Number of protein chains: 2
Amino acid sequence: MGSKKRDSSRVTLSDVARLAKVSAITVSRCIRNPERVSEDTRVRILRAIDDLGYVPDMAASALASKRSNVVGLVIPSLTNSVFTDVLKGVYDAIEETRLTVQIGNSRYSPSKEENLIRTFLQQRPAGLIVAGVNHTEAGRKMLEASSCPVVQIMDVTDKPVDRLVGFSHFEGAKAAVRHLHDMGYRRPGILTARMDPRSRVRLAGFTEEAQQLGIFEPARVVSTPLHSSVGLGAQLFSDLLAQAPDTDSLFCNNDDLATGALFEAARRNIRVPEALGVCGYNDLDISAEVNPSLTTIATPRYEVGLQSVQMINAALDPEGEAAPPPVILGTKLVPRQSTRRRPMPSVGIHSGETT
Amino acid sequence: MGSKKRDSSRVTLSDVARLAKVSAITVSRCIRNPERVSEDTRVRILRAIDDLGYVPDMAASALASKRSNVVGLVIPSLTNSVFTDVLKGVYDAIEETRLTVQIGNSRYSPSKEENLIRTFLQQRPAGLIVAGVNHTEAGRKMLEASSCPVVQIMDVTDKPVDRLVGFSHFEGAKAAVRHLHDMGYRRPGILTARMDPRSRVRLAGFTEEAQQLGIFEPARVVSTPLHSSVGLGAQLFSDLLAQAPDTDSLFCNNDDLATGALFEAARRNIRVPEALGVCGYNDLDISAEVNPSLTTIATPRYEVGLQSVQMINAALDPEGEAAPPPVILGTKLVPRQSTRRRPMPSVGIHSGETT
DNA sequence: CTGTTAGCGCATTCAC
DNA sequence: GTGAATGCGCTAACAG
C-alpha cells in the first residue's frame with residue numbers, strides 16, 4: 001500500500017518544554033493564552049517551538065479538552081454557486097483562525113440535514129453553521145440543545161436557534177416585482193423550481209407584492225420541484241407562454257432560470273426588454289454578461305460566509321458576550337438591460353429611475 | 001457565549017463492553033473488523049451499541065492509532081465549477097466510508113499549496129488528494145515522503161508521486177483543434193487565461209496539433225494571467241479580432257471563455273458557426289444551453305472525484321496491494337451547434353445546417 | 001477468537 | 001506565574 005515511512009517520533013509538548021526549560025503545561029498555556037505567561041518564558045517557549053518545528057496534535061487536544069476545532073457546515077449543495085460562494089467566504093474567514101471546516105451536504109433533504117446535524121454534534125464541534133432556518137423538529141431540538149454556538153445562515157426568522165446571519169428572500173422578491181411594475185410591466189409571471197424553503201418564500205413575496213399592486217394572476221405562476229438549471233429555465237418559460245401568452249415580464253427565482261428564459265426568448269425572437277422584462281435573483285457572474293444583461297437581485301452570499309465564521313469565533317472567545325442579535329444583510333436590485341430603463345409611456349405609470 | 005449544556009457523560013467503548021459482557025478491545029475490534037469477532041458476540045455488541053447510542057470518539061481513535069480518518073483535499077478553487085464537480089464526486093464517495101474530508105484551497109498558488117500539504121501531513125491524514133501534478137520542490141518531496149496514500153488528480157504525468165486519476169489536457173486540446181479542422185476551419189485562434197499548468201498544457205496541445213495541420217499562427221494566440229470568466233472571454237475575443245481579424249474559429253481554454261466569446265460574437269453579429277466556429281473545454285451545464293449550443297471537450301470531473309476517494313480507500317484496506325497504475329480517464333469531444341456539422345466544401349463560406 | 005496492559009499528546013484541576 | 005498528577009477514549013502489542 002501507500003505507506004512509505006513509519007511515524008518518525010513526533011515533536012511533542014514535552015519536547016518543547018524540555019528545550020525551553022519549563023513544564024509541558026506551561027507550553028500548552030503559552031500557546032493558547034500567551035498573555036498568561038511571563039514575557040521571557042514566552043520568548044523561550046516560542047523559540048523552542050520554532051526550533052523544533054513543533055505542531056500541536058489536534059486529536060490529543062480534542063480528546064483532552066473535549067472540544068474539537070472543527071466547525072461543521074451544513075449546506076444543501078456543493079455545486080450550486082450560491083453555496084459555493086458561501087463556502088468561499090467561510091474558508092476565507094476560517095483561515096485566519098485555528099478552526100477547521102467540515103462540510104456536510106444535505107442535498108436539500110431535511111432528513112439528511114437532520115442526520116448531518118446529529119453526526120456533527122456527536123463530534124463535539126467548536127461550532128455549527130447551518131443553511132436555512134427550516135429544520136426537522138428533531139434537528140431543531142438538537143441544535144437548541146447543543147453546547148456549541150450555532151449559526152443559521154442565508155435566511156431570516158423571528159426565532160433563530162442561536163445566532164443568525166442572512167437576508168430576506170421575501171423582501172428581495174418584492175423588490176423585484178416592484179421594479180418590474182415601475183418599469184411599466186403589468187403582467188408579470190414567475191418561474192420557480194426546486195421548492196426549497198427559500199424558493200417558497202420568494203414565491204410568497206412575489207405573490208404578495210403582485211397582489212398589492214393589483215397585477216397578480218395565478219396562471220402566470222409556473223413552478224416545479226425539479227432542480228434549477230439553465231435548461232429548466234427555458235422549459236418553464238415555454239410552459240408559462242403556453243398557459244399565459246400575454247405575460248409581459250418574468251421574475252425568475254434564480255439567475256439560472258432567468259438565463260434559460262433569456263435564451264429561450266432569443267430563440268423565439270421575443271425582444272427583451274421591449275416585449276419581455278426579466279428579473280433574476282442572486283446576481284451570478286454570468287448575469288452581467290448575457291445578452292441582454294440580466295436585471296437581478298444581488299445577494300450577499302460571500303459576506304454571509306465570512307460573518308458566520310466571525311460569529312462562531314466571537315462565541316468561542318471567552319470574553320464573548322451573549323448571543324448577539326441576528327444580522328440581516330441587505331439584498332440589492334441591480335437594474336440591467338433585461339428590463340426597460342424607463343416605464344412605457346402608454347400603459348405607463350411613473351418613474352423608477354435608478355441612477 | 002453560546003454554550004447551553006455541560007457535557008453529559010458520553011457513552012464510551014467500555015459502557016458498550018460492559019453491557020455486551022466483553023472487553024473494550026473486543027468492541028473496538030468489532031467496529032473496525034466485524035469479521036474478526038465471533039458471530040454471537042458481534043450480535044450482542046451491535047445490540048449494545050444500538051441500545052446505548054454509542055458513537056465512536058474520533059479524536060480518541062486518532063490519538064491512539066496515530067491515524068486520523070481525515071482525507072485532505074487540496075484544490076485551487078472553491079468556486080470554479082470544474083473543482084466543485086470534483087468536490088461533489090469526492091463527497092459522494094466519501095459518504096460510503098468512515099472517512100472525512102478536509103478541503104484546502106490553494107488559490108492557484110504553488111506556495112499556498114505547499115503550505116496546505118505541510119499542514120495536512122502534520123495531522124496524520126488517512127490520505128491526501130491533490131489537484132495537479134505540478135508542485136513546489138518541497139511540496140513534492142513532502143508528498144513522496146508521506147506515510148499516507150496520496151492521489152494526484154485532474155492531470156497526467158509519467159512520474160506520479162503515488163496514485164493518480166486524471167485525464168490528458170494535451171490530448172483534449174488536440175482533439176479540439178482536429179475537430180475545428182475537420183469542420184473546415186483553417187484559421188483557428190486560441191483564448192486562454194489563468195495560466196495554470198493545465199491551461200498551459202492545453203495551449204501546448206493546441207499549438208502542436210495546429211502546427212501538424214499546418215494552420216498554426218502565433219498571432220491567433222491570446223492569453224492572459226487573469227482568472228477566467230465569461231466577461232474575460234468576451235474581452236479576449238475582441239483582442240484576438242483586433243490582432244487577427246480573419247480568424248475563423250476559436251479553441252477556448254474553458255467553457256467560460258467560450259461562452260463569453262459566443263456572447264461577444266452575438267453582439268458583433270458574427271454568425272456562429274458559419275463565420276466562426278467555437279470549441280470550449282469542460283462541458284459545463286450551460287454549454288448545452290447557450291445559443292448556439294457550444295461544442296466542447298467533456299471532462300470527467302465528477303468521476304475523478306469519485307475514483308480518487310476509492311483509491312484512498314483501497315490503499316487503506318489492509319488487503320490492499322501496491323499502488324495501482326495511474327488511471328487515465330478519457331475526455332470526449334461533444335459536437336454542438338457552435339461548429340459546423342459538415343466541413344465546408346471548399347474554402348467557401350456557407351452551409352452548417354443542424355437538423 | 002478474546003483479554004490485559006500500556007500509553008497516544010494534551011488539558012483540567014488543583015496546588016504552590 | 002508555574003508545576004504535578006491524572007485521565008480524556010481509544011487502540012497496539014502482545015498473551016492466552
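Because the structure is a prediction, the values reported are computed rather than measured. Throughout, protein chains are lettered first and strands after them, A, B, ... in sequence-line order, and every chain is numbered starting at 1.
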(message) Counting primed atoms plus P, OP1 and OP2 as sugar-phosphate and everything else as base, spell out the protein contacts along nucleotides 10-16 of chain D at 4.0 Å heavy-atom distance: B, S or - for each nucleotide, 5' to 3'.
(response) BBBBB--

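With sequence neighbours excluded, the residues satisfying ring pair (Phe, Tyr, Trp, His ring centres under 6.0 Å) with Tyr108(B) are His227(B). For Glu96(B), there are no salt bridge (charged side-chain N to carboxylate O under 4.0 Å, His left out) partners two or more places apart in sequence or in a different chain. Contacts of Phe167(A) classified as ring pair (Phe, Tyr, Trp, His ring centres under 6.0 Å), with partners at least two apart in sequence or in another chain: His169(A).
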Would you give me the side-chain donor-acceptor pairs under 3.5 Å for residues 125-135 of chain B, sequence neighbours excluded?
{"residue": "His135(B)", "atom": "ND1", "partner": "Glu113(B)", "partner atom": "OE1", "Å": "2.9"}
{"residue": "His135(B)", "atom": "ND1", "partner": "Glu113(B)", "partner atom": "OE2", "Å": "3.4"}
{"residue": "His135(B)", "atom": "NE2", "partner": "Gln152(B)", "partner atom": "NE2", "Å": "2.9"}

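The nearest whole Å value for the distance from the CZ atom in Arg67(A) to the P atom in dT12(C) is 10 Å. One atom, NZ of Lys21(A), and another, C1' of dG3(D), lie 17 Å apart when rounded to the nearest Å. The separation between Leu63(B) atom CG and dC8(C) atom P is 9 Å, rounded to whole Å. Going from atom CG of Asn33(A) over to atom P of dT2(D) covers 13 Å, rounded to whole Å.
In this structure, Arg47(A) places its CZ atom where only 12 or fewer heavy-atom neighbours from other residues, nucleotides or ligands lie under 6.0 Å away. More than 12 non-hydrogen atoms from other residues, nucleotides or ligands lie less than 6.0 angstrom from CZ of Arg118(A). Few gaps surround CD on Glu35(B); more than 12 heavy atoms of other groups in view lie less than 6.0 Å from it.
Contact annotation: Lys66(A) side-chain N/O to dG9(D) OP1/OP2 distance is under 4.0 Å. Under 4.0 angstrom from either OP1 or OP2 of dG3(C) there lies at least one side-chain N or O belonging to Thr26(B). For dT2(D), one of the phosphate oxygens OP1 or OP2 lies less than 4.0 angstrom from a side-chain nitrogen or oxygen of Ser38(A).
In this structure, the side chains of Asp15(B) and Tyr54(B) stay at 4.5 Å or more apart for every pair of heavy atoms.
Near DNA chain C, meaning a heavy atom under 4.0 Å away, the residues from residues 40-48 of chain B are Thr41(B).
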